[in-house]
Colleague: 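Sharing a structure, written as structure tokens. Questions coming.
Nothing fancy with the numbering, it's 1 onward along the sequence.
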Amino acid sequence: PASPLTPAADLPTADSFAFAFDIDGVLIRGGRPIPEAIEAMKVLNGENEYGMKVPYIFLTNGGGKTEAERCIDLSRQLDIEVSPAQFICGHTPMREMVEKYETVLVIGGEGEKCRQVAEGYGFRDVVTPGDIIKDNEATTPFRKLTDEERANSRKRNHGETKIEAIFVFADSRDWAGDIQIILDLAMSKGGYIGTLSETFDEGPPIYFSHNDIVWSAAHDNVRLGMGALRKMVEMLFKDLTKGKELETIAFGKPQIGTFEFATRLLQQWRKDEHRINRPPETVYFVGDTPESDIRGTNQFNDKSKNEWYSILVKTGVYQEGTEPAYTPNVTVNTVLDAVQHGMKREF
Ligand code: G3P
Ligand code: MG
């Protein structure tokens, strides 16, 4: 171990383990840092009794901005430098689907942000609900576009446009309008807006960037999330089609694919940033939502060659005194306790 006076840049890096962090309810709540999070990052960056730095990545189900923009926010909130090379959000793995579809509808987020994210990934033709409403304002009787939305929305003849897939990138800002448009397409003849299928089995595939029914924001109690929108869409489809099932697809935690993506990112990050060329023996995953974070970590641990160790904190969705739906390796109060627990287990 280095002396306490060694500058952080010169400290050795632990190469046998790493941390991965959920964001909402662990590090941030309602746009503000959870105080212990700032301290926890300092510990990982070398301010600890072992004189070592520890590699870490972020794995959130959230989204709605480019990874680069989200990293700028997180850097400011946590007083560290966060690189997109150590960051995955709910929609990040969706970039691997750009070759598969020509024209896609992107739902959620503020203004044009999610269209920009999708185009940044390389999606060639990105439609938003605003474009559809601009073409036919009767689509959503109670949603009128603002002047800004009308200016940004792209006019085209949607009757001639085949939507090949729907991607819900971030939380809807207008559930009624967005659900209407998703269902219009799910019930359409082959993805053409304005048509109505006779069989209701020819709509485009629908991808959600995660399936969290609730999440931890500024309010004391949990708030409805994208998984709740997904449930509403599926339920209403069944109701409107007299019993047909709509099968939608969720990305994000707890999906195994998301943890596999995280493993590749962590491997690359350890190599490029820390010059470590071997996989970690243990990855400590710190999360607040048993159904996504703990379930996903435990499930992946059973499949993965290295150990994935789940740590549940009490600062978010999980409420003290309740039985978590999925049992973590350990439950602690805050993310700082989680970091200390992992380091104690290692050293
Ligand atoms: O919308 C984001 C939320 O559902 C979860 O974010 O960081 O807790 O995975 P996170
Ligand atoms: Mg969370």
Colleague: Determine whether more than 12 heavy atoms belonging to other residues, nucleotides or ligands lie under 6.0 Å from atom CD of Glu307.
Modeller: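 Yes - once you tally the heavy atoms of other residues, nucleotides and ligands closer than 6.0 Å, there are more than 12.
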Colleague: Is any side-chain heavy atom of Val26 less than 4.5 Å from a side-chain heavy atom of Phe58?
Modeller: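 SC-SC contact between Val26 and Phe58 ruled out.
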Colleague: Using the side chain to side chain contact (heavy atoms under 4.5 Å, CB included) rule, take Leu11 and Met52 through it: C-alpha gap first, then chi angles, then the decisive distance, then the call.
Modeller: CA-CA 6 Å; Leu11 288 176; Met52 301 278 271; over 6 Å; no
Colleague: Identify the heavy atoms of Val126 and Asp131 that sit nearest to each other, and give their distance.
Modeller: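 Between these two residues, the closest heavy atoms are O-OD2, 4.0 Å.
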Colleague: Could you report the tightest heavy-atom contact between Cys114 and Val106, atom names first, then the distance?
Modeller: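 Minimum heavy-atom contact is CB-CG1, 3.6 Å.
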Colleague: Does a sphere of radius 6.0 Å around CG in Asn157 hold more than 12 heavy atoms from other residues, nucleotides or ligands, not counting ones at 6.0 Å or beyond?
Modeller: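 Yes - once you tally the heavy atoms of other residues, nucleotides and ligands closer than 6.0 Å, there are more than 12.
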Colleague: Just checking, is any N or O donor in the side chain of Asn329 or Ser310 under 3.5 Å from an acceptor N or O on the other one?
Modeller: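 A pair is found: one side chain offers a donor N or O, the other an acceptor, under 3.5 Å apart.
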Colleague: Does any part of the side chain of Asn136, heavy atoms only, come nearer than 4.5 Å to the side chain of His158, both counted from C-beta?
Modeller: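 Contact flag for His158/Asn136 side chains = no.
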Colleague: Go through it in stages, so that I can follow the logic: the residues are Tyr50 and Glu346, the test is side chain to side chain donor-acceptor pair (under 3.5 Å), and I'd like the CA-CA distance, side-chain angles, deciding distance and then a yes or no.
Modeller: CA-CA 11 Å; Tyr50 316 104; Glu346 292 292 327; over 6 Å; no
Colleague: Could you pull out the closest heavy-atom pair between Ala262 and Ile88, with the gap in Å?
Modeller: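 Closest pair (atom of Ala262, atom of Ile88, distance): CA-CD1, 3.4 Å.
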Colleague: Can you tell me if CZ on Arg32 sees more than 12 non-hydrogen neighbours from other groups inside 6.0 Å?
Modeller: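 No, CZ of Arg32 has 12 or fewer neighbouring heavy atoms, counting only those of other groups under 6.0 Å.
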Colleague: State plainly whether the residues Lys253 and Asp293 are in salt-bridge range, i.e. N to O under 4.0 Å.
Modeller: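 Yes, Lys253 and Asp293 are salt-bridged.
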Colleague: What is the distance from atom CG of Asp24 to atom OG1 of Thr289, rounded to the nearest 0.5 Å?
Modeller: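 One finds 8.5 Å between CG of Asp24 and OG1 of Thr289.
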Colleague: Which donor-acceptor pairs under 3.5 Å do side chains of residues 220-228 form with protein atoms, sequence neighbours excluded?
Modeller:
from	atom 1	to	atom 2	distance (Å)
Arg223	NE	Asn221	O	3.3
Arg223	NH2	His219	ND1	3.4

Colleague: How about Phe167 and Phe123: are their ring centroids closer than 6.0 Å?
Modeller: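 Phe167 vs Phe123: aromatic centres under 6.0 Å.
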Colleague: May I ask you to check whether over 12 heavy atoms, not counting those of Lys271, lie within 6.0 Å of atom NZ?
Modeller: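 Not buried by this count: 12 neighbours or fewer within 6.0 Å.
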Colleague: Looking at Phe347, Phe17, Tyr309, which one forms a ring-ring contact (aromatic ring centres under 6.0 Å, His included) with His341?
Modeller: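 In the set Phe347, Phe17, Tyr309, the residue that makes a ring-ring contact (aromatic ring centres under 6.0 Å, His included) with His341 is Tyr309.
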Colleague: Give the minimum heavy-atom separation between Thr258 and Gly252, together with the two atoms involved.
Modeller: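 The pair with the smallest heavy-atom distance is OG1-O, 2.9 Å.
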Colleague: Assess the side chains of Thr92 and Glu67: does a donor N or O sit below 3.5 Å from an acceptor N or O?
Modeller: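 Yes, side-chain donor-acceptor contact under 3.5 Å.
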Colleague: Under a 4.0 Å N-O cut-off, is there an ion pair linking Lys238 with Glu234?
Modeller: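 Salt bridge between Lys238 and Glu234, a charged N being under 4.0 Å from a carboxylate O: no.
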Colleague: Less than 3.5 Å apart, which donor and acceptor atoms pair up between the side chains of residues 201-209 and the rest of the protein, not counting sequence neighbours?
Modeller:
from	atom 1	to	atom 2	distance (Å)
Asp201	OD1	Thr199	OG1	2.6
Glu202	OE1	Gly190	N	3.4
Glu202	OE2	Ser197	OG	2.7
Tyr207	OH	Tyr101	OH	2.5
Ser209	OG	Val168	O	3.4
Ser209	OG	Phe169	O	3.1

Colleague: One pair to check against side chain to side chain donor-acceptor pair (under 3.5 Å): Gln86 and Ser83. What are the steps and the verdict?
Modeller: CA-CA 6 Å; Gln86 63 185 144; Ser83 157; 5.1 Å; no
Colleague: I'd like to know whether NZ of Lys242 has more than 12 heavy-atom contacts from other residues, nucleotides or ligands below 6.0 angstrom.
Modeller: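 It does not: Lys242 NZ has 12 such atoms or fewer within range.
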Colleague: Would you say the side chain of Val313 lies within less than 4.5 Å of the side chain of Tyr318, judging by non-hydrogen atoms?
Modeller: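 No; the side chains remain at least 4.5 Å from each other.
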Colleague: Who are the side chain to side chain donor-acceptor pair (under 3.5 Å) partners of Lys65, not counting sequence neighbours?
Modeller: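 Lys65: side chain to side chain donor-acceptor pair (under 3.5 Å) contacts with Asp73.
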Colleague: Hey, mind stepping through Arg29 and Asp288 against salt bridge (Lys or Arg N to Asp or Glu O under 4.0 Å) and telling me if it holds?
Modeller: CA-CA 11 Å; Arg29 256 185 97 154; Asp288 68 308; over 6 Å; no
Colleague: Which heavy atom of Phe19 sits nearest to which heavy atom of Ala338, and what is that distance?
Modeller: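 Smallest heavy-atom distance, with atoms named: CE2-O, 3.9 Å.
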Colleague: Check whether any side-chain heavy atom of Pro280 lies under 4.5 Å from a side-chain heavy atom of Arg270, and answer yes or no.
Modeller: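 Heavy-atom side-chain distance check passes, below 4.5 Å.
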Colleague: Output, in order, the C-alpha distance, side-chain angles, deciding distance and verdict of salt bridge (Lys or Arg N to Asp or Glu O under 4.0 Å) for Arg173 and Glu110.
Modeller: CA-CA 7 Å; Arg173 303 312 200 248; Glu110 295 292 335; 3.0 Å; yes
Colleague: To the nearest 0.5 Å, what is the distance between CD1 (Ile80) and CG (Leu74)?
Modeller: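 So the gap between those two atoms works out to 6.0 Å.
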Colleague: Measuring from Leu145:CG to Thr140:OG1, what's the distance to the nearest 0.5 Å?
Modeller: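 OG1 of Thr140 is found 7.0 Å from CG of Leu145.
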Colleague: If you look only at distance, which donor and acceptor atoms sit under 3.5 Å apart when one is on a side chain in residues 35-45 and the other is two or more places apart or in another chain?
Modeller:
from	atom 1	to	atom 2	distance (Å)
Asn45	OD1	Tyr56	OH	3.4
Asn45	ND2	Met41	O	3.0
Asn45	ND2	Tyr56	OH	3.2

Colleague: Surrounding NZ of Lys231 (heavy atoms of other residues, nucleotides or ligands, distance under 6.0 Å), is the total greater than 12?
Modeller: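 Counting other residues, nucleotides and ligands, NZ of Lys231 stays at 12 neighbours or fewer.
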Colleague: Checking the side chain of Gln77 only, and the main-chain atoms of Gly31 only, is there a donor and an acceptor separated by less than 3.5 Å?
Modeller: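 Flag set: sc Gln77 to bb Gly31 pair under 3.5 Å.
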Colleague: Kindly indicate whether the side chain of Asp135, heavy atoms from C-beta on, has any atom under 4.5 Å from the side chain of Ile132.
Modeller: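 No. Closest side-chain heavy atoms not under 4.5 Å.
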Colleague: Side-chain contact, heavy-atom cut-off 4.5 Å: Ser304 with Thr263?
Modeller: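 No. Closest side-chain heavy atoms not under 4.5 Å.
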Colleague: Working to the nearest 0.5 Å, report the span between NE2 of His274 and CG of Leu266.
Modeller: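 If we round to the nearest 0.5 Å, His274:NE2 and Leu266:CG are 9.0 Å apart.
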Colleague: Would you compute the distance between atom OH of Tyr284 and atom OG1 of Thr297 and round it to the nearest 0.5 angstrom?
Modeller: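 So the gap between those two atoms works out to 13.0 Å.
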Colleague: Tell me, yes or no, whether the heavy-atom count around Glu81 atom CD, taken from other residues, nucleotides or ligands under 6.0 Å, exceeds 12.
Modeller: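 At most 12 heavy atoms, drawn from other residues, nucleotides or ligands, come within 6.0 Å of this atom.
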Colleague: How far apart are the closest heavy atoms of Thr315 and Gly25, and which atoms are they?
Modeller: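 Smallest heavy-atom distance, with atoms named: OG1-O, 2.6 Å.
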Colleague: With Glu119, which of Arg95, Lys113, Arg154 fulfils salt bridge (charged side-chain N to carboxylate O under 4.0 Å, His left out)?
Modeller: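 Among the candidates, only Arg154 passes.
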Colleague: Are the side chains of Thr161 and Ile193 in touch, meaning some heavy atoms are under 4.5 Å apart?
Modeller: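 No - every pair of side-chain heavy atoms lies 4.5 Å or more apart.
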Colleague: Measuring from atom CG of Leu240 to atom CG of Leu183, what distance do you get when rounded to the nearest 0.5 angstrom?
Modeller: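 One gets 6.0 Å once the value is rounded to the nearest 0.5 Å.
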Colleague: With respect to Arg143, which candidate in Glu149, Gln180, Glu137 satisfies the side chain to side chain donor-acceptor pair (under 3.5 Å) definition?
Modeller: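 The residue from Glu149, Gln180, Glu137 that satisfies side chain to side chain donor-acceptor pair (under 3.5 Å) with Arg143 turns out to be Glu149.
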Colleague: List the residues meeting side chain to side chain donor-acceptor pair (under 3.5 Å) with Arg124, not counting sequence neighbours, and say none if there are none.
Modeller: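 Testing Arg124 for side chain to side chain donor-acceptor pair (under 3.5 Å), a comparison that skips the adjacent residues, returns Glu102.
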Colleague: Using a strict threshold of under 4.0 Å (side-chain N to carboxylate O), is an ion pair present between Arg278 and Asp15?
Modeller: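 Salt bridge: yes.
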Colleague: Are Glu260 and Phe300 side-chain neighbours, meaning at least one heavy-atom pair lies under 4.5 Å?
Modeller: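 Side chain of Glu260 against side chain of Phe300, heavy atoms only: contact under 4.5 Å found.
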Colleague: Only counting residues at least two apart or in another chain, list the ones meeting side chain to side chain donor-acceptor pair (under 3.5 Å) with Arg70.
Modeller: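 Once residues adjacent in sequence are excluded, Arg70 has no partner under the side chain to side chain donor-acceptor pair (under 3.5 Å) criterion.
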Colleague: When you look at Ile34 and Thr334, which way does the side chain to side chain contact (heavy atoms under 4.5 Å, CB included) test go after all the steps?
Modeller: CA-CA 9 Å; Ile34 291 170; Thr334 71; 5.6 Å; no
